[in-house]
Each structure stands twice: as structure tokens, then as C-alpha cells.
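Numbering of ligands and ligand atoms starts at 1, following listing order. Computed from heavy atoms alone, side chains included, the values below leave out hydrogens, waters and symmetry copies.
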Amino acid sequence: MKALVYHGAGKKSWEEKPKPVIIEPTDAIVKILKTTICGTDLHIMKGDVPTVTDGRIIGHEGVGIIDSTGSAVTNFKVGDHVLISCITSCGKCEYCKKSMYSHCTTGGWILGNVIDGTQAEFVRIPYADNSLYPIPAGADEEALVMLSDILPTGFECGVLNGQVKPGDTIAIVGAGPIGLATLLTAQFYSPSEIIMVDQDDNRLDVAKTFGATHVINSAKENTVEKIMKQTNGKGVDVAIEAVGVPATFELCTDIIGAGGHVANIGVHGKSVTLHLETLWSRNITITTRLVDTVSTPMLLKNVQSHKLDPNKLITHHFRLDQIEEAYNTFGNAAKEKALKVILTNE
Ligand SMILES: NC(=O)c1ccc[n+]([C@@H]2O[C@H](COP(=O)([O-])OP(=O)(O)OC[C@H]3O[C@@H](n4cnc5c(N)ncnc54)[C@H](O)[C@@H]3O)[C@@H](O)[C@H]2O)c1
Ligand SMILES: [Zn+2]
Ligand SMILES: [Zn+2]
């Protein structure tokens, strides 16, 4: 089969690899129908994720068809259409029992990281019964690719951890696919105001069409001043960090109102300054989370009922064998006006 293989920082190739085989009785082999590229894959390509080693097939999102199953798989049979979760979970360990699948002792984020991933014609999925979701007949499978990672991430790490409530004023810092997924799912709870902050005017324009009530280009405007004016000097009820750099985390702690929640989503590579000298008395909560994908079945229902339209996040289409071109487009997102790209295995 063909697959996208990482060969060290800056090096990748679309090349021939052996078709995966069942190793454990709980495995399934899935033929990929559609996959995509994540911001995290760009980090991997830069060499930022040391657990990914030379020869690894990357990718942790997608939908496909069951090609074969191990003897212990009971939820799926050959030919079933499935949604692949970016998080692999055994369903039995202490963390899985607490619905903290991201910390499964033999799973978590392993796909396209420490085991081969989904940017390939076939992928081996461990603990298939727990790590795959059945796709309802007639579902829009392309839209469901957005449920492998970005929608549960925005919802769980941003909206749930931020405890967004009806009437809240919320700020989302970062209008990439994750920030926009947060914007879409925050609206389940009817916040009264959603302020979107980014440095890319195109993404801010997209955010307006997705339901942002105010947008701020932080490269051109004084964000703290503008948000304080907007909130009568009080600050926001919930500030969600969806970038992953010190400046944006500190911005969230600068704009948070008394009693508010700062929910971090971004993957950080550098330490940030925590201004406890001003924050200690403000009754705020700061949360962090690696996506657990426990909300996937709920999100699937809301896509089916058209309460949530993930298609809005898809801007570009390619054949799977055009994946290197797709990386160039996604890697130049601002210039290409790209959000998510869909790769189809024809
Ligand atoms: N916690 C988790 O489980 C989890 C899961 C998936 C992704 N992530 C992380 O979420 C973050 C967002 O992911 P994404 O795919 O949307 O990334 P992205 O790079 O596509 O989007 C980031 C956005 O931030 C904007 N930005 C950059 N610097 C900024 C600044 N100083 N001020 C304001 N805006 C700025 C960019 O213009 C861009 O639109 C990343 O750090 C990613 O690694 C976390
Ligand atoms: Zn991802
Ligand atoms: Zn587990």
C-alpha cells in the first residue's frame, strides 16, 4: 500500500509500505476512505514531536471501512463504515474507567505518533471496539472527519473545561480549525457574546460567518483595551486559548473577569509567566486538557440532526496520492485561505 512516511525533520515521502496486519485480537484493519492533516502533523514535520521517529506513517484523523478484524472485536464486522478517533483507548484501565481516554495506559494519542497512522491506504486500529465509532447509514462521511480530533478538542478542552453557560461573554484566542471548532460547539450553550481574536483577517471573517459577535485582530488592535471596553471593564467570563504560545495564554489571563475560567487548548513548547500577583484574588479557574474524545457520540448525533455543520471547516479537497501538495496548501494556510483539507482514497 501507499502511505505518507516521516523521515526526520522536514523530510516526508509518499511511498510503498507493507499493508498493516492484525497483531492483537482486539485490532481492526481499516481501509481509509477520507483523511485530513492536523496542525499537530505540521509540528511533527518540523521535528517538534520527538516520539515520532524515522519511518513512521503519520495522521490521526479519518473515516474508513473495516477490512479485517481480530478475533476479540465484537462491535464491528468487515464492510462497516467507521469513524476513527485520534485517541486510542482500551476501555478497561483506571483512566479509561474515568473517561480519561487520553491517558489510557496502553493507548492515548498513539496513532500517527508511536504507531503508524491514517495518512495511508490502510491503518491498524488497536482496541477497535473502543477506538472506532459506527457511521450511521447515509451520513456525510466527509463532515465526520472533523469529529476525529478538532470538534471534540474544541468542545472538551475549550467549552466543557471553560464551563461556558447561557449569557456568558466568552473570548476565543486563535481562529484556526481548533478555535473555530470551539466557536461552533460553544453555541450549544448560548453565550451572549463571543469575541474571536487572531492575527489573520481571513480567519476572523470566517469566524463572523460562524457566529462570532465581535472579532479583534491582535496584530493591529490593543486586544486587552478593546475587550475591557466591550465588557464595561469587567473582563470575560470564559477565555479559551487555542494557539499554544506564551503571549496568547497571558492574554487570556489579562482579559479574564472575576470568577472566570481560563481554558487552555494549545500545545505549548515554552513556559509562560503566570501573574499570580494579580490573579490570586480573582477567583479564577485555569484548566488544561488533552482531548479525551468522550464527547464524540454526542457530537455525531448533533451532526446527524444538523445542529452542527462541520462541512464549514473544509476548504480544500485532494486525492490521497496528492498529499504532498495538500501539505503545501495546509502549511501556507494564511496565503491559501485554508482551514481543513480533505484527502480522498479513490
Ligand atoms: N489540547 C489538545 O488536546 C489539542 C488537540 C489538538 C490541537 N491542539 C492545539 O491547539 C492549537 C490550535 O490548533 P490549530 O490546528 O487550530 O492551529 P493553527 O496553527 O491552524 O491555528 C492557530 C491560529 O492562531 C493564530 N495565531 C498565531 N499567533 C497568534 C497570536 N500571537 N495572537 C493571536 N492569534 C495568533 C494563527 O493566525 C492561527 O489562525 C495548537 O497549539 C494545537 O497543537 C491541542
Ligand atoms: Zn490533531
Ligand atoms: Zn485504557
Side-chain angles (χ1 to χ4, degrees), residues 26 35-44 48-49 58-62 84-113 117-118 126-127 130-131 145-146 148-158 161 171-183 196-204 206-207 215-221 223 240-252 263-270 287-293 313 315 330-334 337-341:
T26 44
T35 183
T36 182
I37 306 171
C38 180
T40 306
D41 298 326
L42 297 181
H43 280 295
I44 292 173
D48 290 346
V49 188
I58 68 169
H60 50 263
E61 298 161 277
I84 300 166
S85 173
C86 66
I87 298 293
T88 302
S89 53
C90 75
K92 292 179 178 171
C93 72
E94 186 185 341
Y95 292 112
C96 282
K97 289 287 184 197
K98 286 197 269 194
S99 295
M100 211 197 282
Y101 298 158
S102 61
H103 291 266
C104 173
T105 52
T106 51
W109 177 46
I110 57 173
L111 206 56
N113 177 7
T118 56
Y127 305 122
N130 229 47
S131 310
V145 176
M146 305 302 117
S148 289
D149 178 354
I150 65 168
L151 282 160
T153 295
F155 181 65
E156 294 173 15
C157 309
N161 275 25
I172 301 169
V173 182
I178 298 280
L180 292 171
T182 309
L183 169 61
M196 208 77 191
V197 181
D198 201 288
Q199 299 175 327
D200 177 345
D201 283 323
N202 171 56
R203 287 188 164 182
L204 291 174
V206 171
V215 299
I216 300 174
N217 184 324
S218 58
K220 298 180 186 164
E221 299 169 273
T223 311
I240 299 171
E241 200 286 341
V243 184
V245 297
T248 47
F249 182 83
E250 286 176 38
L251 173 63
C252 288
N264 182 79
I265 308 178
V267 173
H268 290 265
K270 291 202 184 96
T287 59
T288 71
R289 187 167 184 177
L290 175 58
V291 63
D292 291 296
T293 68
L313 293 157
T315 53
F330 187 65
N332 291 294
K337 297 190 189 283
L339 291 172
K340 290 294 268 188
V341 303

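- The residue from T293, D292, N130 that alone fulfils the side-chain hydrogen bond (donor to acceptor under 3.5 Å, both in side chains) condition with S89 is N130.
- The aromatic rings of H103 and Y95 are tilted relative to each other, their planes meeting at an angle between 30° and 60°.
- Rounding to the nearest 0.5 Å gives a distance of 9.0 Å between OG1 of T248 and CD of Q199.
- Nearest heavy-atom pair, K340 versus T36, reported as atom, atom and distance to 0.1 Å: CE-OG1, 3.6 Å.
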Side chain to side chain donor-acceptor pair (under 3.5 Å) assessment of D201 paired with N217
CA-CA 7 Å; D201 283 323; N217 184 324; 3.0 Å; yes
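- A donor-acceptor pair under 3.5 Å is absent between the side-chain atoms of N161 and the main chain of G158, judged by distance alone.
- With values rounded to the nearest 0.5 angstrom, K92 atom NZ is found 9.5 Å from T106 atom OG1.
- At distances below 3.5 Å, at least one donor-acceptor pair connects side-chain atoms of T35 with backbone N or O atoms of E61.
- With no hydrogens or angles considered, no side-chain donor-acceptor pair links H60 and N113 at under 3.5 Å.
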Distances for all N or O pairs of ligand 1 and the protein under 3.5 Å?
| residue | atom | partner | partner atom | Å |
| --- | --- | --- | --- | --- |
| ligand 1 | 1 (N) | I265 | O | 2.9 |
| ligand 1 | 1 (N) | R289 | O | 3.0 |
| ligand 1 | 3 (O) | V291 | N | 2.9 |
| ligand 1 | 16 (O) | P177 | N | 3.3 |
| ligand 1 | 16 (O) | I178 | N | 3.0 |
| ligand 1 | 20 (O) | R203 | NH1 | 3.3 |
| ligand 1 | 31 (N) | Q199 | NE2 | 3.4 |
| ligand 1 | 32 (N) | S218 | OG | 3.4 |
| ligand 1 | 37 (O) | D198 | OD1 | 2.6 |
| ligand 1 | 39 (O) | D198 | OD1 | 3.4 |
| ligand 1 | 39 (O) | D198 | OD2 | 2.7 |
| ligand 1 | 39 (O) | R203 | NH1 | 2.8 |
| ligand 1 | 41 (O) | V243 | O | 2.7 |
| ligand 1 | 41 (O) | V267 | N | 3.1 |

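- You'll find the side chain of P177 stays beyond 4.5 Å of the side chain of L180, heavy atoms only.
- G176 approaches R203 most closely through the heavy-atom pair CA-NH1, 3.3 Å.
- Looking only at protein N/O/S atoms, the ones less than 2.8 Å from the Zn ion (ligand 2) make 3 in total.
- Protein N/O/S atoms found under 2.8 Å from the Zn ion (ligand 3): C90 SG, C93 SG, C96 SG, C104 SG.
- Shown here are the ring pair (Phe, Tyr, Trp, His ring centres under 6.0 Å) partners of F155, two or more places apart in sequence or in another chain: F188.
- Side-chain atoms of E94 do not come within 3.5 Å of backbone N or O of K97 as any donor-acceptor pair.
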